[in-house]
Amino acid sequence: MHGLSRLGTGSNRSVSPSPPSSPRFRHGRYKNFAGGGGGVGRGGKQSAANKIVFVLISTVFRRKGVLLFAPLLYISGMLLYMGLLGFDVVSLKNAVVVVHRRSPPGSVYRSPQLFQKLWPHMEAESNATHNALMTAWNLKMHQGWKPCVNSIISKAGLSSYMILTIILISFSELPKSNGFLIIEANGGLNQQRLSICDAVAVAWLLNATLVIPIFHLNSVWRDSSKFGDIFDEEFFIHALRNHVNVVRELPEDVLQRFDNNISNIVNLRVKGWSSAAHYIQKVLPKLEAMGAVRIAPFSNRLAYSVPSNVQGVRCLSNFQALRFAEPIRTLADKMVERMVMNSSHSGGKYVSVHLRFETDMVAFSCCEYDGGEEEKREMDIARERSWRGKFRRRGRVIRPGANRMDGKCPLTPLEVGLMLRGMGFNNNTSVFVAAGNIYKAEKYMAPLKQMFPLLETKNTLTTPEELAPFKGHSSRLAALDYTVCLHSEVFVTTQGGNFPHFLMGHRRYLFGGHAKTIKPDKRKLALLFDSPHIRWETFRRQMKDMLRHSDVKGGELKKPSGSVYTFPMPDCMCKQTKAAANESSLSF
């Protein structure tokens, strides 16, 4: 018997002449079929039968012939889509025939040409008083959700999905632990955050004592920071004290049982997205038998869809127990204050943009821009440096045009500026750009600064002395960006990934269930940016439609396959009654 765990258990077609008979039909067992060896009547009957059979076979073969062409048509269509095939355009130049290959719409980076066409229209609107920053979000879309992770909620008047079982139960003393759980978190800041929160949920599920997670040095992020360098370790332990026991390190007596070497503790290879039941059935018995188990790596090792009480622990860990270390919080708060001061003309409201145009991201996307052979050479070097051999494997085909049409290319700073100006954000809008080292920053950032002069980054918002302790630590720098983006009026995500997913969820948690996030349709953008002759009015209308769509999607609820870190309703938040919502708005 296991120790205490937290989970219950007719045809008008003409007939073609028959082909010559095969030699094998002329003798032996097939002689009667050929018409020999019998009476005339019998041969006539067989001849008629042969004709009927031949007609049937011919019909089948003709239909199968059509079916054989169907895959070829499908493959041709896919090749056209991917840009391998194209319609050639023939022109006559100086008595020489020149053949140009026409690229599929949206497959080529032509945004600079579009910018040159539309810039005069943007300049004409530079002194416009209206700014989309003040009206970006429809207040009617806010559905009155509020955090209820730590609330004592009565069942009266509430639907069942709002009851957070784990949060309602507060133990004065935790039950006896079944053993120690050690996990290893890898990746960047928010990949580590995901692993930490899932580890807390698994520890609660197994009634295990969680050892402060170990951070693995990632070849891409190259950050040697430990848990306490990024997160407030003492606050984390204290916030979880009534639900999960957390210790900084293994007790000496336990470590001695494994010859003072943590590597001697069995490492359980848990499959990605494992269910809660899997941990109870497979991990718990080994935990009880050995007293300590290790799961490394632990990235994405718990399924999104788990019982609501396990989701509740995830909520508690992510939205309340995890806060950044004091040095990060101090500088980040100063940065937010400075952005608010710089935005005094707009009531302290500003736009934040998560820009993924670092060299590694551009290289990984396998997209092409306007850098020619030099860019291709630099991207090949970057891919080989960070992902040795991955992009040179046999059979690997890189199709930059297809990637662009499919919305997989990182938006350039210029494209972000075009989109925001089209949405109605004027040149008086304060913009904060959260990013690493931008690829060829001087070239690519110039048009964005031209469209938005009040542009800031962590390097311009802080002094060199303030930022010095964080240099060389990508996760700590990302934590500064995260905080400034969290408190912006509008957040713009441009490429996906853990950073925007966690940020959107955190903003929903803080802003009454609304993410206040622009998540553009990049497939549509690829087509629009590849239309250098588009009218400004048409472009602006398309961008405003995209903004409205983001507004509608901002209050989205979590689906069964969704992540509670991105969609905290209804697992982490409760719907307010109209009376309560009115009362809170009056008191505010």
Side-chain angles (χ1 to χ4, degrees), residues 2 5-7 166 177-221 226-227 230-231 236 240 243-247 250 262-263 265-319 321-322 475 497-499 501-502 505 558 560-568 571-572:
H2 298 325
S5 74
R6 316 280 182 129
L7 190 70
I166 173 57
S177 172
N178 289 325
F180 292 87
L181 175 65
I182 304 159
I183 69 106
E184 187 176 287
N186 57 1
L189 172 67
N190 291 285
Q191 185 68 30
Q192 292 169 340
R193 192 183 192 105
L194 172 67
S195 298
I196 294 165
C197 297
D198 281 356
V200 173
V202 169
W204 178 87
L205 184 66
L206 301 177
N207 188 35
T209 298
L210 178 66
V211 180
I212 287 289
I214 301 167
F215 285 0
H216 173 70
L217 181 62
N218 186 275
S219 60
V220 175
W221 294 95
K226 294 180 171 54
F227 186 100
I230 301 172
F231 300 105
F236 179 73
L240 295 172
H243 308 285
V244 176
N245 190 27
V246 182
V247 295
L250 275 177
I262 200 171
S263 298
I265 299 174
V266 64
N267 185 15
L268 304 180
R269 295 293 180 177
V270 177
K271 291 183 179 180
W273 315 111
S274 291
S275 66
H278 175 85
Y279 281 94
I280 294 296
Q281 296 165 7
K282 302 294 184 181
V283 178
L284 180 58
K286 294 181 180 179
L287 176 67
E288 293 176 316
M290 293 178 280
V293 295
R294 201 160 49 97
I295 304 178
F298 192 72
S299 179
N300 300 318
R301 289 303 185 268
L302 182 61
Y304 280 158
S305 181
V306 293
S308 60
N309 49 3
V310 182
Q311 298 285 36
V313 181
R314 276 173 157 168
C315 299
L316 177 66
S317 177
N318 184 49
F319 298 118
L322 272 184
S475 291
N498 286 312
F499 186 99
H501 289 162
F502 270 88
K558 186 178 78 66
S561 60
S563 167
V564 76
Y565 304 124
T566 307
F567 304 99
D571 297 278
C572 310

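For the residue pair Pro297 and Asn186, the shortest heavy atom distance occurs at CB-ND2, 3.9 Å. Nearest heavy-atom pair, Thr566 versus His501, reported as atom, atom and distance to 0.1 Å: OG1-O, 3.2 Å. The heavy-atom pair separating Asn318 from Arg193 by the smallest distance is OD1-NE, 2.7 Å. Nearest heavy atom pair, residue Ile230 against residue Ser475, reads CD1-CB, 3.5 Å. The two residues Ala201 and Val313 come nearest to each other via the heavy atoms CA-CG1, 3.8 Å. Counting all heavy atoms, side chain and backbone alike, Trp204 lies closest to His243 at CD1-O, 3.3 Å.
For the ring pair (Phe, Tyr, Trp, His ring centres under 6.0 Å) condition, the pairs that include at least one residue of residues 296-316, sequence neighbours left out, are Trp273-Tyr304. Contacts classified as salt bridge (charged side-chain N to carboxylate O under 4.0 Å, His left out) and involving residues 200-211 (residues at least two apart or in different chains) are not found. Screening residues 297-313 for salt bridge (charged side-chain N to carboxylate O under 4.0 Å, His left out) gives no qualifying pairs among residues at least two apart or on separate chains. For residues 302-319, every residue pair satisfying the salt bridge (charged side-chain N to carboxylate O under 4.0 Å, His left out) rule, not counting sequence neighbours, is listed here: Asp198-Arg314.
Annotation: the span from Glu184 atom CD to Ile295 atom CD1 amounts to 12.0 Å, rounded to 0.5 Å. The CD1 atom of Ile212 sits 10.0 Å away from atom CD1 of Ile183, with the distance rounded to the nearest 0.5 Å. Of the inter-residue distances, the one linking Leu316 atom CG with Leu240 atom CG reads 5.5 Å to the nearest 0.5 angstrom. Arg294 contributes atom CZ, which lies 11.5 Å from atom CG of Leu181 (distance to the nearest 0.5 angstrom). Taken to the nearest 0.5 Å, the CG atom of Leu302 stands 8.5 Å off from the OG atom of Ser275. In this structure, the separation between CD1 on Ile262 and CD1 on Ile182 is 4.0 Å, given to the nearest 0.5 Å.
Take Gln191 and apply the side chain to side chain donor-acceptor pair (under 3.5 Å) test, not counting sequence neighbours, and it matches Ser299, Asn498. For Phe180, the side chain to side chain contact (heavy atoms under 4.5 Å, CB included) criterion is met by Thr209, Val211, Val247, Leu250, Pro251, Val254, Ala292, not counting sequence neighbours. Applying the side chain to side chain donor-acceptor pair (under 3.5 Å) test to Ser305 and every residue at least two apart in sequence or in another chain returns nothing. By the ring pair (Phe, Tyr, Trp, His ring centres under 6.0 Å) test, Phe499 pairs with His354, Tyr482, sequence neighbours left out. In terms of the side chain to side chain contact (heavy atoms under 4.5 Å, CB included) criterion, residue partners of Ser317 (sequence neighbours excluded) are, by chain and number, Cys197, Val200, Phe236.
In this structure the side chain of His278 never reaches within 4.5 angstrom of the side chain of Lys271, judged on heavy atoms. A heavy-atom distance below 4.5 Å is found between the side chains of Leu268 and Lys286. In this structure the side chain of Asn190 never reaches within 4.5 angstrom of the side chain of Tyr565, judged on heavy atoms.
At distances below 3.5 Å, at least one donor-acceptor pair connects side-chain atoms of Asn267 with backbone N or O atoms of Ala296. With Asn178 contributing its side chain and Leu287 its backbone, the two residues share no donor-acceptor pair below 3.5 Å.
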